[in-house]
Protein chains: 2
Amino acid sequence: MTKPVILTGDRTTGPLHIGHYAGSLKTRLERQDSHEQFLLLADTQALTDNAHDPDKVRRSVLEVALDYLAVGIDPAKSTICLQSHLPALAELSMLYLNFVTVARLERNPTIKDEIRARGFGRDIPAGFLCYPAAQAADITGFRATVVPVGEDQAPLIEQTNEIVRRINAVAGQSVLPEARAVIPKAGRLPGIDGKAKMSKSGGNAIALSASPDQIAAAVRAMFTDPGHLRVSDPGRVEGNVVFTYLDAFDEDHTGVAALKAQYQRGGLGDEVIKRRLDGVLQALIGPIRARRAELARDPGHVLDVIRQGTEMARARTQDTHRAVVDALGLFRL
Amino acid sequence: MTKPVILTGDRTTGPLHIGHYAGSLKTRLERQDSHEQFLLLADTQALTDNAHDPDKVRRSVLEVALDYLAVGIDPAKSTICLQSHLPALAELSMLYLNFVTVARLERNPTIKDEIRARGFGRDIPAGFLCYPAAQAADITGFRATVVPVGEDQAPLIEQTNEIVRRINAVAGQSVLPEARAVIPKAGRLPGIDGKAKMSKSGGNAIALSASPDQIAAAVRAMFTDPGHLRVSDPGRVEGNVVFTYLDAFDEDHTGVAALKAQYQRGGLGDEVIKRRLDGVLQALIGPIRARRAELARDPGHVLDVIRQGTEMARARTQDTHRAVVDALGLFRL
């Protein structure tokens, strides 16, 4: 039996953080054997809202690839590839734009939210409005049927499937498979300040390359329960970032449950739970940081990994492009 | 001195007609020696409003190429190439979409008019709204500085230059040249029914491959002056399609001027001027039709012409794409 094909990846806008680890990298590690997995270094998509700063997008390519390898992504099992070097994806994107209306893109809830979040106002780059079609190209280009996405991004997969159905209808055959969104149970990890989204630009993230001091400082600054003034006071566990992170990263679930109970009763200081979390995060990040530093000493090797993966991905995406062109009966020289 | 680079071409939505000949093909023939000329078989752009009928777009590729060769485009002087087989154009298009806002595209007068003319309503294909960015990719991909366009399309060149200036600004260097619209003095040839635009779909065109009978029938059906009932009546020359075509195709300008004077005074029947136009058009189209029929017997040769031109164009457009990527400082594997 062939393995299901999974497409995942990250926009190259900065090094990854523990939010990425909890939300996606961990699952990717688990799926390396059971799935045919493609990890897309999405530098082209990163440009859709970073065209003014191509430098950041370039620099981040190697950073993200380093993060992948450092957490244990194995290039022999998973294919790491670079979006900008897969011209068939641009070709499919341009084609798909003809199979979706402007009104439909504007109605996409994910795009609506993101336009608001980015404060584009009327100055929405066309590339940004159109990125769902590009994402449809990514997903279908690899013939992926499983796409892990955050809950807020599920409408993008619906958009992809609409395009797929339209192409298949015009082609009169099922040339492209539909894809299924897989939404992680874990949910999105909040930033250390308790804000909904951890992000490098938000200054509320802990990078996978964070130093011991950076980790310690982040834990010290972490949002807990502002009403929990004295150790003896009862404290809140919901919205308390330290407990959210312990839930995500501490494997001793019974121990964490006991701490939560004690914290809610009163008699447990923030310092104790923060010390525990610091230990957990140091143990998680320490080995990643060490592997990352070692890999960073040999960028040629990392480049080779990207090159080889991109070569494989190029063949795959070109095959798909050709199949779509032929199914639609377009001209082939 | 290097020759100026000119980009021109046609959407592959059907064989070309004498409107194309008067409006652009004739000028292209004249510029074969003085310019480095690229003729783009624009099948990708044709899909932006023909995604439901890819068959028509495919079939028309060879038709348009045959028309080019039949009128005398010389592949040794001009490069005939196929848009869908130039992936660098898709890559540049996707990149440029990040340098233009949705609002700007919606404000483009050409796009506004064309959206109205096509009756898209709210269902504008995203690819159609975005085609000015794709056209900017075409123009800059070839580093064209001269672009012949109809008067109504001049805003598209302005749009191209805006993107060029934005890219150059972010790159901090002049990596792309601006282009200049060249608007033909002749103006657009009306259809045989007197409607503003000759088009195959409008049923008011005379194809470059028209048979003698088709030419004769078209001239017979041609709109003249509905008020010119008897030969002795004075007739109108303005808006009289027969005279418009005589102006465009009859090289005996003095003769045409004399006929016009007589027609306006009265005493000249439609039959006479139509007979003259029929002779002119038969003489124009006859040799084109003959060459076209001969070329059509060897489609392998036509394919070779397109293949070789596309190969040259691929190298040129890839060079440009690489130059832009490097100037912007994007990642290069």
Side-chain angles (χ1 to χ4, degrees), chain A residues 12 41 43-44 47-55 57-62 82 84-85 87-106 120 122-130 133-134 166-167 170-171 303 306-307 310 321 325 328-333, chain B residues 12 41 43-44 47-55 57-62 82 84-85 87-106 120 122-130 133-134 166-167 170-171 303 306-307 310 321 325 328-333:
Chain A
T12 60
L41 298 163
D43 57 342
T44 303
L47 279 177
T48 60
D49 59 338
N50 287 284
H52 57 285
D53 192 4
D55 238 41
V57 175
R58 185 197 65 243
R59 277 184 283 108
S60 305
V61 167
L62 267 186
L82 185 57
S84 64
H85 284 56
L89 296 184
E91 296 180 277
L92 285 172
S93 299
M94 290 302 289
L95 183 63
Y96 291 179
L97 281 176
N98 303 319
F99 290 89
V100 59
T101 67
V102 177
R104 177 65 182 86
L105 290 171
E106 286 171 343
F120 280 139
R122 286 294 292 156
D123 293 333
I124 307 156
F128 192 82
L129 182 70
C130 295
R166 220 154 283 170
I167 300 256
V170 174
L303 280 174
I306 302 175
R307 246 181 229 120
T310 303
H321 179 243
V325 163
L328 288 174
L330 292 168
F331 203 90
R332 271 276 293 284
L333 261 184
Chain B
T12 60
L41 298 163
D43 57 341
T44 304
L47 279 177
T48 61
D49 59 339
N50 287 284
H52 57 285
D53 192 5
D55 238 40
V57 175
R58 184 198 66 242
R59 276 184 284 110
S60 305
V61 167
L62 268 186
L82 185 58
S84 65
H85 284 54
L89 295 184
E91 295 180 277
L92 284 171
S93 299
M94 289 302 290
L95 183 64
Y96 291 178
L97 282 176
N98 303 318
F99 290 89
V100 58
T101 67
V102 177
R104 176 64 182 88
L105 290 172
E106 286 172 342
F120 281 139
R122 287 292 292 157
D123 293 333
I124 307 155
F128 191 83
L129 181 70
C130 295
R166 220 155 283 169
I167 300 256
V170 174
L303 280 174
I306 303 176
R307 246 181 229 119
T310 304
H321 178 244
V325 163
L328 288 174
L330 291 168
F331 203 92
R332 270 276 295 282
L333 262 183

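Chain letters run A, B, ... following the sequence lines, proteins first, then strands; residues in each count from 1.
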Looking at every non-hydrogen atom in both residues, tell me the closest pair between [X] and [Y] and how far apart they are.
X	Y	value
A/E106	B/V102	OE2-CG1, 4.4 Å
B/A134	A/M94	CB-CE, 3.9 Å
A/A51	B/V170	O-CG1, 3.6 Å

(message) Can you tell me how far apart CZ (A/F331) and CG (B/L62) are? Round to the nearest 0.5 Å.
(response) 4.5 Å
(request) Against chain B, label A/L95 side chain, backbone, both or neither, depending on which of its atoms sit under 4.5 Å from a heavy atom there. (result) side chain
(message) Please classify the contact between A/T310 and chain B as side chain, backbone, both or neither, with a heavy-atom cut-off of under 4.5 Å.
(response) side chain
(request) Could you list the residues that satisfy salt bridge (Lys or Arg N to Asp or Glu O under 4.0 Å) with A/D55, not counting sequence neighbours? (result) A/R58
(request) Please flag which part of B/H52 lies under 4.5 Å from any non-hydrogen atom of chain A: side chain, backbone, both or neither. (result) backbone
(message) Tell me which of these, A/L129, A/T101, A/N98, has more heavy-atom pairs under 4.5 Å with chain B than the rest.
(response) A/N98
(request) Name the member of A/I306, A/L105, A/L89 that forms the most heavy-atom pairs with chain B at distances under 4.5 Å. (result) A/I306
(message) If we define contacts as heavy-atom pairs under 4.5 Å, which of B/L82, B/T12, B/I167, B/D43 has the most with chain A?
(response) B/L82
(message) Applying side-chain contact (heavy atoms from CB on, under 4.5 Å), can you list everything that pairs with B/R166, at least two apart in sequence or on another chain?
(response) B/F99, B/E162
(request) Evaluate the side chain to side chain contact (heavy atoms under 4.5 Å, CB included) criterion for residues A/L47 and B/L330: first the C-alpha distance (whole Å), next the side-chain angles of each, then the deciding distance (0.1 Å), finally the verdict. (result) CA-CA 10 Å; A/L47 279 177; B/L330 291 168; 3.8 Å; yes
